[in-house]
Amino acid sequence: MRGLYSSKTKIRHQIFTEIARLAYEGDIEKEMDDLPYKILPGEIATYRDSIFLERAIVGERLRVAMGLPLRNISEHAPISKGVEASLIEEKYYEPPLINIIKFACNSCPEKRVIVTEGCQGCLEHPCQEVCPKQAIHMENGRSVINQEKCIKCGKCLESCPYNAIIKQERPCAKACGMNAIHSDEYGRAEIDYDKCVSCGMCLVSCPFSAIVDKGQIYQTIMALKSDTPVYAIVAPAVAGQFEPELKNTQLRGAFKALGFTDIKEVAVGADLCTIEEAKDFMKEVPEKIPFMGTSCCPAWSVMAKKTVPQLANCISMALTPMVLTARLLKQEEPDCKIVFVGPCAAKKLEASRKSVRSYVDFVLTFEEVKGMFDAKGVDFASLPEEEPLTQASSDGRGFAVSGGVAAAVVKAVKRMDPDREVKVVSANGLQECKKMLMAAKAGKYNGYLLEGMACPGGCIAGAGTVQTVKKAGVALEKMKKEASFEECMDTSFGGELEKLEEL
């Protein structure tokens, strides 16, 4: 659960912090194999049955945080095997992005309906009466479900007056809107990478922390220690992520303390993306395409193209806010390196595309950056308050929540053509996005603007966030200023509206 500090959160944070510490001041080739003993000292297990199992899992998590592949369980190899390939100031990780540590998986049942101790063995036994497969019978005064007959329809759950029947599902599979997770021959979770879009919802949903995504913390810090200027471009969802310790007016100073040259706001790129999508919508819908889907969420975009490839041309070709912001910076300073900092796992995948990798050098999540702050020992209380981030519009910052992208595009269309009517439908969470797409395929949304977001609630609920969705939403509203769209376009990046056509 995002924003809940738990043992899972603690271990993840320790791993990110230790990798960052070694990048800043240590010797990773000599110290990496010792890190599991530092993170989990002593002889007694804290979280699992065995301290050896705990350390083995931490070892795999350390490798993945370095961008390295998981080790083969059946072969002996040190944690640091192959680490020299990651000791570079370049983008590095071997696909796949999302990985399952098999010996950390609990082998949860995929889906089952079971009777709990709450069953009272009532006279009416409605659970039996409503079961279409006669899968329920009484034993010793209690209902029992025959799992071989049960079809998991849930009718018995709804009929039980004591709520004594429950449906259990594997959390990672339930969270996956692509149905990309199934069981291997040992009952452990396995990802079908032909379906996976790297949204990261399985990662945050696994209570055993068996699912991990690869990172670039070490490589980013290597770049920060070089003579090359390195800029952080932060997603609109940054609002409140490091609060209450770090105020938005201290963000620039905090990132400079990590070694960044400066920090820029991706919401400016969102403003430019708004213009592009508004123009495309006015020009192409419905004359050329029946509807237009927004492009800013890479997981939604990839899902749409995988699920209904014949409608791929209906997804906007506008560059995402991340890419637009990065390209603007590269125009001004071609030799700089750019690090996107945001809530999203799928952005790591987007940045690895050939068309994007020359603009975005690294991608970090808020959670990973928090580890860097601790490793560097940044004292937030001592940071001076400065001017807020480069001014972007409220609409641009609103890209971080579900419905925000569509609302911004509609406003832009109205500015260009006040008489133009724009019908909108939004969906968040890939399961709901898929339903929306299927309805569009059937012709129900002809003439519409479709907004899809992979994470329930939008980017503020992304896999790499730190705060709860509720707190992040409140902080975002505070961060959104009542500056006009036109004013922002005139001031941000020195008037980037004029440069948009050059991109």
Side-chain angles (χ1 to χ4, degrees), residues 15-24 28 62-68 83 85-98 198 200 212-235 237-238 241 251-252 254-266 269 298 319-330 332-373 375-376 459 462-465:
I15 287 167
F16 296 150
T17 301
E18 287 302 320
I19 291 294
R21 182 187 63 79
L22 288 183
Y24 277 120
I28 200 157
L62 286 165
R63 286 182 59 82
V64 172
M66 283 288 297
L68 295 171
V83 73
S86 282
L87 308 184
I88 54 177
E89 299 173 18
E90 299 174 11
K91 180 163 25 199
Y92 178 87
Y93 72 78
E94 296 178 17
L97 176 65
I98 307 293
S198 300
V212 289
D213 62 328
K214 290 177 178 169
Q216 297 175 307
I217 300 173
Y218 191 93
Q219 295 77 16
T220 300
I221 296 173
M222 288 295 98
L224 293 173
K225 291 167 66 176
S226 71
D227 295 329
T228 304
V230 183
Y231 290 88
I233 58 173
V234 294
V238 72
Q241 287 298 319
L251 276 174
R252 178 170 279 107
F255 275 82
K256 285 183 176 180
L258 294 178
F260 286 96
T261 304
D262 201 356
I263 179 175
K264 299 292 184 180
E265 194 175 8
V266 172
L319 297 173
T320 64
M322 175 185 78
V323 179
L324 278 168
T325 307
R327 291 183 72 170
L328 288 168
L329 269 171
K330 291 277 188 175
E332 296 181 353
E333 202 165 346
D335 296 328
C336 74
K337 289 189 179 295
I338 294 175
V339 182
F340 174 79
V341 178
C344 183
K347 284 294 181 184
K348 295 181 179 182
L349 197 64
E350 180 187 356
S352 68
R353 296 175 190 164
K354 291 182 179 180
S355 59
V356 177
R357 65 179 62 170
S358 59
Y359 299 105
V360 181
D361 298 282
F362 308 101
V363 173
L364 297 175
T365 65
F366 297 133
E367 192 179 16
E368 290 169 334
V369 169
K370 188 176 182 182
M372 291 172 63
F373 282 139
K376 189 68 173 174
C459 302
T465 53

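- Residues Lys370 and Phe16 are not in side-chain contact: their nearest non-hydrogen atoms beyond the backbone lie 4.5 Å or more apart.
- You'll find the side chain of Met372 reaches within 4.5 Å of the side chain of Tyr24, heavy atoms only.
- For Phe255, the ring-ring contact (aromatic ring centres under 6.0 Å, His included) partners two or more places apart in sequence, or in a different chain, are Phe260, Phe373.
- Scanning all heavy atoms of the two residues, the minimum distance from Gly371 to Ala20 falls at O-CB, 4.3 Å.
- For the pair Cys336 and Leu329, the tightest heavy-atom approach, listed with the atom from each and the gap, is SG-O, 4.4 Å.
- For the atom pair Gln216 CD and Lys348 NZ, the distance stands at 7.0 Å (nearest 0.5 Å).
- At least one donor-acceptor pair under 3.5 Å links the side chain of Asp361 to the backbone N or O of Ile338.
- Separation of atoms CG (Leu97) and CG (Asp213) is listed at 5.5 Å; rounding is to 0.5 Å.
- Looking at Thr261 and Glu333, their side chains never come closer than 4.5 Å, going by heavy atoms from C-beta outward.
- In this structure the side chain of Leu68 reaches within 4.5 angstrom of the side chain of Val83, judged on heavy atoms.
- Between Leu251 and Val234 the shortest side-chain heavy-atom distance does not fall below 4.5 Å.
- The two residues Ile15 and Ala65 have their closest heavy-atom pair at CG2-CB, 4.0 Å.
- One distance of note links NZ of Lys264 with OG1 of Thr325; it measures 10.5 Å at 0.5 Å rounding.
- For the atom pair OG1 (Thr465) and CD (Glu367), the distance works out to 8.0 Å, reported to the nearest 0.5 Å.
- Between Ala235 and Pro343 the shortest heavy-atom distance is CB-CD, 3.8 Å.
- For Glu350, the salt bridge (charged side-chain N to carboxylate O under 4.0 Å, His left out) partners at least two apart in sequence or on another chain are Lys347.
- Closest approach of Tyr359 to Lys330, counting heavy atoms only: O-CE, 3.2 Å.
- From Ile263, atom CD1 reaches atom CG of Leu258 across 9.5 Å, with rounding to the nearest 0.5 Å.
- To the nearest 0.5 Å, the span separating NZ on Lys214 from CG on Leu349 amounts to 11.5 Å.
- Residues forming a salt bridge (charged side-chain N to carboxylate O under 4.0 Å, His left out) with Lys376 (at least two apart in sequence, or on another chain): none.
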- Item | Verdict with reasoning, Ile233 to Glu265, per side-chain contact (heavy atoms from CB on, under 4.5 Å) | CA-CA 6 Å; Ile233 58 173; Glu265 194 175 8; over 6 Å; no
- prompt: Does the pair Ile217 and Leu364 meet the rule for a side-chain contact (heavy atoms from CB on, under 4.5 Å), with working shown?
  reply: CA-CA 7 Å; Ile217 300 173; Leu364 297 175; 4.1 Å; yes
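- By the 4.5 Å heavy-atom criterion applied to side chains, Met222 and Leu87 are not counted as neighbours.
- Across all their heavy atoms, Phe362 and Ala223 have their closest contact at CE1-CB, 3.8 Å.
- A donor-acceptor pair under 3.5 Å links the side-chain atoms of Gln219 to the main chain of Met66, judged by distance alone.
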